2 protein chains.
Amino acid sequence: MWFAYGILSFFGLESHTHATTKLKSAKEIMASTKWVYRFSEVSQLESDLDESWEAVLGLLGGKGANLANMTRLGVPVPPGFTITTAACNDYLQNDHRLPDGLWEQTIAAIERIEAATGKIFGDPQNPLLVSSRSGAKFSMPGMMDTVLNIGMNDEVARGMAKDNDRASFVYDCYRRLVQMFGTVVLGVPDDVFENALHSYKLHNGKKEDSDLTAKDWEQITQMFQALVQQNVEEPFPQDPKLQLRQSIESIFNSWNSRRARDYRNAANIPDNLGTAVNVVTMVFGNLNEHSGTGVTFTRSPSSGERSLFGDYLMYAQGEDVVAGIRNPQPIHLLENELPEAYRDLSDVCKKLEDHYRDMQDIEFTIEDGKLWILQTRSGKRTARASVRIAVDMASESLISRDEALQRVDPEHVNTLLHPQFNLESLEEAKSQNRLYASGVYASTGAGVGQVYFDADTVERTVKKQGTDVILARPFTKPDDVHGMLAAKGILTSAGGATSHAAVVARQFGVPCVSGSTSIRMNIEKRRMVASDIVVNEGDWISIDGTNGNVYLGRIATSAPLLEEQTELLTLLRWADEVCDTPGIRTATNGKPLRGLQVWANADYPADVQRARQYGAKGIGLCRTEHMFFEENRLPVVQRMILGSTLEERQEALDELLPMQRDDFEGVFTSMQGAPVIVRLLDPPLHEFLPDEYEVWRQLINKRVSSLARYLLGQETPDEIARLEALLARVQELHENNPMLGLRAVRLSIMHPEIVAMQVRAIIEAAAKVQLNDVPVKPEIMIPLVGHINELRVIVPEIRQIASLVMEEKDVKISYKVGTMIEIPRAAVTGDEIAQTAEFFSFGTNDLTQMTYGFSRDDAERNFLLKYVDDGILSRNPFQTIDQEGVGKLMHMCVEAGRRTRENLEIGICGEHGGDPESIDFCHQIGLNYVSCSPFRIPVARLAAAHSALRHQPA
Amino acid sequence: MWFAYGILSFFGLESHTHATTKLKSAKEIMASTKWVYRFSEVSQLESDLDESWEAVLGLLGGKGANLANMTRLGVPVPPGFTITTAACNDYLQNDHRLPDGLWEQTIAAIERIEAATGKIFGDPQNPLLVSSRSGAKFSMPGMMDTVLNIGMNDEVARGMAKDNDRASFVYDCYRRLVQMFGTVVLGVPDDVFENALHSYKLHNGKKEDSDLTAKDWEQITQMFQALVQQNVEEPFPQDPKLQLRQSIESIFNSWNSRRARDYRNAANIPDNLGTAVNVVTMVFGNLNEHSGTGVTFTRSPSSGERSLFGDYLMYAQGEDVVAGIRNPQPIHLLENELPEAYRDLSDVCKKLEDHYRDMQDIEFTIEDGKLWILQTRSGKRTARASVRIAVDMASESLISRDEALQRVDPEHVNTLLHPQFNLESLEEAKSQNRLYASGVYASTGAGVGQVYFDADTVERTVKKQGTDVILARPFTKPDDVHGMLAAKGILTSAGGATSHAAVVARQFGVPCVSGSTSIRMNIEKRRMVASDIVVNEGDWISIDGTNGNVYLGRIATSAPLLEEQTELLTLLRWADEVCDTPGIRTATNGKPLRGLQVWANADYPADVQRARQYGAKGIGLCRTEHMFFEENRLPVVQRMILGSTLEERQEALDELLPMQRDDFEGVFTSMQGAPVIVRLLDPPLHEFLPDEYEVWRQLINKRVSSLARYLLGQETPDEIARLEALLARVQELHENNPMLGLRAVRLSIMHPEIVAMQVRAIIEAAAKVQLNDVPVKPEIMIPLVGHINELRVIVPEIRQIASLVMEEKDVKISYKVGTMIEIPRAAVTGDEIAQTAEFFSFGTNDLTQMTYGFSRDDAERNFLLKYVDDGILSRNPFQTIDQEGVGKLMHMCVEAGRRTRENLEIGICGEHGGDPESIDFCHQIGLNYVSCSPFRIPVARLAAAHSALRHQPA
């Protein structure tokens, strides 16, 4: 008593009487506290806790709550109980003494199990064995301490082993208890036991555990007990209750172990939660021929089909299945073998799925014909299954459509539209060490083909031989596009996720691995080398644009079609319905908004048709310059650039006009009145000319051969003059930083004749389509604007030409003129820009490039990937919008733009338009639509719906 | 009466009686209004208008108010009066009828003049002649209508011409009246008179006006009168009063002429102000030998010296001086000729200067010994005079020091420090058509020298021959710097105001004209061509970096030294005192601030000494890489870059360490404890390597000569291997957009060994200086940061090395680590960046480059200058900060940075730091200092004081 008084007065409590009273009262409270809940007591507990499942989880931990919940549902869970997290906390705070009443309640709970099962703790004839496992509120894999087979001792083992068939199993169980108890509870290092087992086998000429007999296991058990004595100087306890008590205390203590604290620290889990302890009756699937064990999914995790999918082993326990000694049977055979257990299992599956409202992954054991469920959790599944299960469950009214949408990861949808490697074939390639190199995963999908090193050869090979081909280049340029389109895959040794190769590949859904820097391409010798392995032209390779791997040889693939994927189509329809809900969002200026629409970046009529088929509500970016690179057009474009007088340039432009008009006509017709944003010429002119080196080389060659011809009395001065003129022009157009150079609107201001041609082509096409009674909605977009005055110069020119054409054709076209926002200055002055621009479209590739000062052409190769690897950047800002920097500018711009023009239509047409996280940001800042490559449209539609649901007003 | 009634009923007034009453009452009011003020009535007027000079200006116009004011001061102004702007407005609003009472008041005023002068309007014996001029509140040059010599007619002319000596003058005066009245009042086209005069001379064999006799002028006058009759079908009025009345009405009407309305529209002058009419007695400096005319400044407009400066002609009128027929006399000779008039003139000068508190430019006429002042205004002056006059006037207590500071344009100070062309020599060059080309005025000052086309030749020529040399290149690169320093001027055919040539030239005060695109440089043939004129190596040229002109041949220059310009030194001292006033500003976070300090961008010790001498309070930017380009260092730097192992690179770095340390030691010692910001390595590595083409060319040459040697039995494979390796590395380091590439902090993160060497050099140097008892304040600046995590990686490395060195040297250095803000993302996330950075320095060159997406290397040449010419941009954003875009980001960043770090030191070290308008912006957003090239420091000090005065709290 003096001691208690001492402590209390230390804490500043003055009255002796008072302190004693208080102490007593605390003791009483503790003794009356309920520290132990049987699994069957959860309903009562829940009502005690105001129906709060969250509170139940906190008190019983995840595992305990789940076992209790299954018990409440009538699922056959082996009897057991949970010691609460409150008990753990009390124990840890009070000098590691079990709180008053805990042990008494534990013994009482054990007695209830004995009564229910007829088995008795420590009874050699019919022994009760239990497991003891930790279970905190939040899952902490790897720190869970578990002791199995508690209740086993020398006497019990002897009793159980009377049945000779079971002797080996019994002593294996026993030695496991000694080993687990030794390491977990008593702190003997694990390798002490493992080494001993290893030497035993060595001395006795046994190789595998399965070679060991009952006698062996018995001797090993004795040896393990001796090792315990030797290491901790106390015997392995024979008293089952002592085994249990020590196990419980050990689990309490494990909450404060170093690795647990580190884990919580990293995972941001509070330290004051404590862990619960679950004590569960052991059941054995290897008890007799009416016993077995298995795992089943409630639906197929592969296809999503609604039938049990799994396998089982008779006369076996879980570990046997894992060890793979015997081949398990498919689950449907259980119906013949043990019809009652199978029926019970089917019922349980239905019950659990109905309850958890998701496909379940269930562990079960059958002991002497009786089914026991040991665990259930949501099952992992393929992308295909994920979609089918979500749609089916909504159709079954198990979940709502909104929930179905939220169950499917948008990235999963992506994999459904691109060819993927077959798993076995891939595993085989890996096991044969055929992984050759890796790079940036630039465009999703698997591509297999013979490798060729230039676009012309690729195109020719495909046309002539009809084979599958991979185009490999150090990097690609716009005039490689015909080869890229013909290829089954693209591989580059330089450039990152937004390099030309990557952007074009995603645009057309061609798998692409870019910037595979370990590969050295030797175009002249028609081969590439990595890790000293030479791949020659014509050799087969396989590339995986989903993870950036490159393999030698062929790997089988399969590719589904969207139109055949009915569940996916249904899901996407639901997604669109969510986004179409009026007022599901509010713009920053207080105006109600629908969710995001998904538009497409598409240039060619064929491209536009795919976009339409994939569900695009408009074309957010139609790049006119892509049309300039086509074989029959490039020479005309070059003539336009090389023309030294306006007349010469105009002549070439006049030739281009009908070509562009035809393209636009096709696009407008396909889109049937949906908006089509046509961007005026964007790249610098030199992109349309050959490489400076290339021309120089040709020139030197010509000079040399000219010299030879001169010696032979022949000459070709014309060609040399042509090349010299070309070289001069190429050099004149050379820029040190072309991305910051004379292109886009700047080019339009310097060469208004190009804009004039393009606008004429757009409006003439629109007029023709409209006169055919097809509605048309062209929007003309000016790229790279940084100052309102650029628009003030160029927009009136556009309107003048449009009016002229409409007058000529005697037709009225409703069109808009707007701008890209891709220069930081434009983002900063959105209020001014909106005075003239009728719509905004964020070009986030360039905006990121300039806001960060990262060259899209070089940054990834030179430092950006290292930045991401080192965690300097949490992700590549060219793939996911950098919300703190680039995003802040976007947000400012949206607010400023809508201050000037209340209902300003704002979208995004950069590569980020197809990235779910970026889409979520676009939703939050109130954009009207995202525009992405046709192949990303399904992903974007689902992601847009996710955002709408995630942020909908309460 | 029926007429008035008709009009009134036309305007909808119904009652005859009422209308009459109203008319009568308005008439009465109008008749009692004072429309005419004599010059002597201004004091009364001012008191009527509540002492408001503004209101006087409004009513009398600028000219009238000024004449009245001089009259009040007792300055002898010829008698006259002003008809108010109110009268003009009334006239224009009321059907172009003179308001009631106006004409009566005018006649009365004329009578007062007659009384005062004893001359009578229309009296042939002693005629009063007057001029009539418009004069609005705001000066509208070019729309002023003037009629001189009103009062002249046939009779008066005959009377005046009785004195034969004067007859020619009299009829010249008369014909001028007829001509002016004819054109201005009656609207006869001016060329009618000019053509007639021309044919008269032709028919009579006269060449010049001075060949015409009195008889000729008389006949011409008659001819002009006939032309008037013929053109407007009414005679030239002989009645002086009618002449005056019509002149007044004509001036009223001129307010609404097309050109006047256009001018007001462009100059943003309201249309409802109206013009006043000033009627002034004519005085004649050619009346007799006691008459004369002249112009004088109250102080020398050239040197600022305090004595009259001007010239005069006896027996002449103003036009004679202008015509230059006779040589005028310097003003001081007037003292001998007409001592009384000279004394009066001196008194007037003193009086007017005291009153206007500025140097005056005064027109005077002496008529028969009597001085008349016709006009006074603030005199235009040279930069030198501007400074001296301001300082002198403050010393004379005529103005305050603050006013003295505000009187001097900062750009004027700039011209005082650079050589300038002598005016006569320049005029001569122009008259000889020696203007050769023009370009961007990139670095102030005139440069004259023989032209050479590469840096090595320039340096060699200067060293060997000691001649003045101009370096001409298509553009310059860092390894041209030695030649640029040796040259008297730099001329490039490409690149703009922030090209390498321009930046380096300004840095070192070398005159530079950049981007002179009409010049074609042919380096191989050692010549350049523009407008078909060839300039060969060694030819003399003269360039003017103040306006971008390039001249053939030599133009004489002169260049003053700062230390000899005592008035300028005084003025700059006053400027610093203003900026040093505590609390003259308030930061956006409410903290009191002093004005801007001026720091310098300086790299070499010699450079730093000049900065110190010019008054720098710190070094805001010491670029370590400039040191890398020195002749003895570049090979070591190249070895560092080409080293394939860390060891090889480290070896080169070890060699660089003592060199860098010595540089820093010199800089720290010069600055004597003032802060020195050292920027870590900034440019991409390939800038230190030779050009790709160049290496390739060398390689091909080697291969060819190797082939030759091979044929001759010789070989040099080593050199070829070296070149091949170099080419490979150059190609490897090639970037498509180097400005957005691997440089600065990115390079530091990829190659930490370079940073390590630099930090060691900085701290070792600081330790050495401090151990010599010289205080030292190093600040380490990290360039191109875009994300806080870059600092989080690099700053601990810096601190670790610094600590290590301090431990080694057993010394404690107080140093800071901060960052440049030159990436838009850094500006947007200033609050985050300030968590680690201890100071900010805006690198506005790069910030402008990326915010606008304009490549500094190419933009000016390709489109930016056209943008400025066309008014798309009001000015070049690389010269003056774009406040709406770049400035907005800066402002955001300052606010955010100081939210995190209350007293964050923020400066600017871009080229804008020396631009007065940009400095004013920096003052307003609360920067602590601007840092500029040493030669701009005096400009910046004055500009900073201007800002402090302009924005000081009321």
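By convention in this document, chain letters (A, B, ...) are assigned in the order of the sequence lines, proteins followed by strands, and residues within each chain are numbered from 1. Here the structure is a predicted model, which means the values were calculated and not measured.
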Aromatic ring pairing A/His891/A/Phe921, orientation class (parallel under 30°, perpendicular over 60°, tilted between): perpendicular
Measure from the side-chain N and O atoms of B/Asn522 to the backbone N and O of B/Lys525, and report whether any donor-acceptor pair falls under 3.5 Å. yes
Do side-chain atoms of A/Thr492 reach the backbone of A/Phe475 as a donor and acceptor pair under 3.5 angstrom? no
What do you reckon, is NZ of B/Lys477 surrounded by more than 12 foreign heavy atoms closer than 6.0 Å? yes
Side chain of A/Ser493, backbone of A/Gly515: donor and acceptor closer than 3.5 Å? no
Report which part of B/Ile749 has an atom under 4.5 Å of a heavy atom belonging to chain A: side chain, backbone, both, or neither. both
Return yes if some donor-acceptor pair links the side-chain N/O of A/Gln849 with the main-chain N/O of A/Arg856 below 3.5 Å, else return no. yes
Leading residue by heavy atom contact count with chain B [cutoff under 4.5 Å; candidates A/His734, A/Arg792, A/Arg825]: A/Arg825
In terms of heavy-atom pairs under 4.5 Å, which option from A/Ile788, A/Asn862, A/Asn736 contacts chain B the most? A/Asn736
Which portion of B/Glu822 sits near chain A, non-hydrogen atoms under 4.5 angstrom: neither
Heavy-atom cut-off 4.5 Å, strictly under: side chain, backbone, both or neither for B/Asp858 against chain A? side chain
Indicate yes or no for a side-chain donor-acceptor contact from B/Glu884 to the backbone of A/Thr829 under 3.5 Å, with no hydrogens or angles considered. no
Counting heavy-atom pairs under 4.5 Å to chain B, which of A/His787, A/Arg746, A/Met739 comes out on top? A/Arg746
With chain B as the partner, which of A/Ala826, A/Ser855, A/Pro738 has the greatest number of non-hydrogen pairs under 4.5 Å? A/Ser855
Best-contacting candidate, B/Pro824, B/Gly741, B/Ala827, against chain A by heavy atom pairs under 4.5 angstrom: B/Pro824
For A/Ile872, does its backbone N or O pair with a side-chain atom of A/Asp870 as donor and acceptor, under 3.5 Å? no
Selection from B/Ser874, B/Gly853, B/Gly786 maximising heavy-atom pairs under 4.5 Å formed with chain A: B/Gly853
Quick one: what part of B/Asp882 sits under 4.5 Å from any heavy atom of chain A, side chain, backbone, both or neither? side chain
Could you have a look at A/Leu864, A/Asn789, A/Val828, A/Thr851 and say which one has the most heavy-atom pairs with chain B under 4.5 angstrom? A/Thr851
